[in-house]
Amino acid sequence: MAETGGMPELPEVESVRRQLAPRLEARRIEHVTAVWQSRFVDVERAAGRRVGRLRRRGKYLIAELDGGLELLMHLGMTGSFRFRGPQWQPDAYVRATFTLNDAVLDFRDVRRFGSLAVVPAGQYTGTLAALGPEPLSDDFDPAAFHRALQSTSMAVKPYLLSQRPVAGVGNIYADEALWRARISPFARRIGRRRATLLWAAIREVLAEAIEREGTTFRDYQMVNGESGRNAAYLTAYGQAGLPCGRCGDPLRKVTLGGRGTTYCPRCQRP
DNA sequence: AGATCGGCCTGGACGC
DNA sequence: TGCGTCCAGGCCGATC
């Protein structure tokens, strides 16, 4: 079975942010070259502007620019940032290049699912505009999370992937958190007690993955070119057919909401 | 208006 | 060996 994942979710994007911030903040973007691509919007407007803080919201990186603008960056499936140097020279998959006053930064993205946009600060649309609370902040409240889960008829996993109940959870960490909370990905309108278990599991799996600088199967890499160390700790995602770490029954892979989903049919209850 | 589904995009794994 | 098919999936727009 092909496991091409390792897509950037919250822990991977946060790891990128931590490496990118000290080399991007307080720099001036001299100019931008972008190979045409439908997911870039007004990227050239970043030229000539100074970068303020580099923040993260969910899976998005947000660089404050002077003039009341923001540069929004999403890594998609295969996006990465690399600074030119002995360790990195551009290849055919570089989709945009930011020439800073003291460095050259490439945005590389084999599958072109990533996006870049310059927008007036705070003027968001789509997923970013409807994004749920940051899971590792106090804004992520168990009671509100329970109410959100009660408010929809969707199965819990596709609902998590919508980014509305909580920001930054993608396919890997949805499977991991549901396994840890012993909740079936097919469960609907789950009760207060189990909602709180899932709330805690989401925070745990994300915090642990950040400590390990993310999950790399193949594509995801950090700004320094290194891989994350979390793949060895996965308990569900990518483990189909292997014994469940709790009960020993084989983990099953199904399609749910169009996404590969691995879970334990025995100890994850609907 | 909320839920669902197809399209985007490419390289790698796999089968014959 | 080589070619065709399938798979990975976040987000968005169209449709129900």
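Scope of the values below: all heavy atoms of this structure, side chains included, with no hydrogens, waters or symmetry mates. First the proteins, then the strands, lettered A, B, ... as listed; each starts at 1.
- Remark: A:Arg246 is positioned above the aromatic ring of A:Trp179, its terminal NZ or CZ atom under 6.0 angstrom from the ring centre and at most 45 degrees off the axis.
- Using the six-membered ring where Trp is involved, A:Phe140 and A:Phe145 have ring planes that are perpendicular, over 60° apart on the 30 and 60° scheme.
- Proximity of A:Tyr93 to the phosphate of B:dG11: a side-chain N or O atom is located under 4.0 Å from OP1 or OP2.
- Atom CZ of A:Arg192 sits in a sparse spot, with 12 or fewer heavy atoms from other residues, nucleotides or ligands closer than 6.0 Å.
- Residues passing the ring pair (Phe, Tyr, Trp, His ring centres under 6.0 Å) test with A:His146: none are found, sequence neighbours excluded.
- Judged by distance alone, the side chain of A:Glu70 and the main-chain N or O of A:Gly122 form a donor-acceptor pair under 3.5 Å.
- Applying the 4.0 Å criterion to OP1 and OP2 of C:dC11, one finds that A:Ser115 has every side-chain N and O outside that range.
- Comparing A:Ser153 and A:Arg259, the nucleotide of DNA chain B nearest to each residue sits closer to the 5' end for A:Ser153.
- No donor-acceptor distance shorter than 3.5 angstrom exists from the side chain of A:Arg180 to the backbone of A:Leu197, with no hydrogens or angles considered.
- Rounded to whole Å, atom P of B:dG2 lies 17 Å from atom CZ of A:Arg188.
- Here A:Tyr93 is tied into one hydrophobic group with A:Val110, each link being a pair of ILVMFWY side chains closer than 4.5 Å.
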Review item, nucleotides 13-16 of chain C N/O atoms under 3.5 Å of protein N/O:
none

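- Among the heavy atoms of the strands lying under 4.0 Å from A:Gly260 are primed sugar atoms or P, OP1, OP2 only; no base atom is included.
- Looking at residues 154-168 of chain A, you'll see A:Met154, A:Arg164 sit with a heavy atom under 4.0 Å from some atom of DNA chain B.
- With sequence neighbours left out, the ring pair (Phe, Tyr, Trp, His ring centres under 6.0 Å) criterion links A:Phe186 to A:Tyr263.
- Rounded to whole Å, atom P of B:dT10 lies 10 Å from atom CZ of A:Arg111.
- Contact annotation: A:Tyr237 reaches the phosphate of C:dG9 (side-chain N/O to OP1 or OP2, under 4.0 Å).
- Side-chain atoms of A:Arg39 come within donor-acceptor range of the base of B:dC8, with a qualifying N/O pair under 3.5 Å.
- The ring pair (Phe, Tyr, Trp, His ring centres under 6.0 Å) test applied to A:Phe98 returns no partner, not counting sequence neighbours.
- Look at A:Thr78 and you won't find any side-chain N or O under 4.0 angstrom from OP1 or OP2 of B:dC9.
- Out of C:dA8, B:dC9, C:dC11, the shortest distance to the side chain of A:Lys253 is found at C:dA8.
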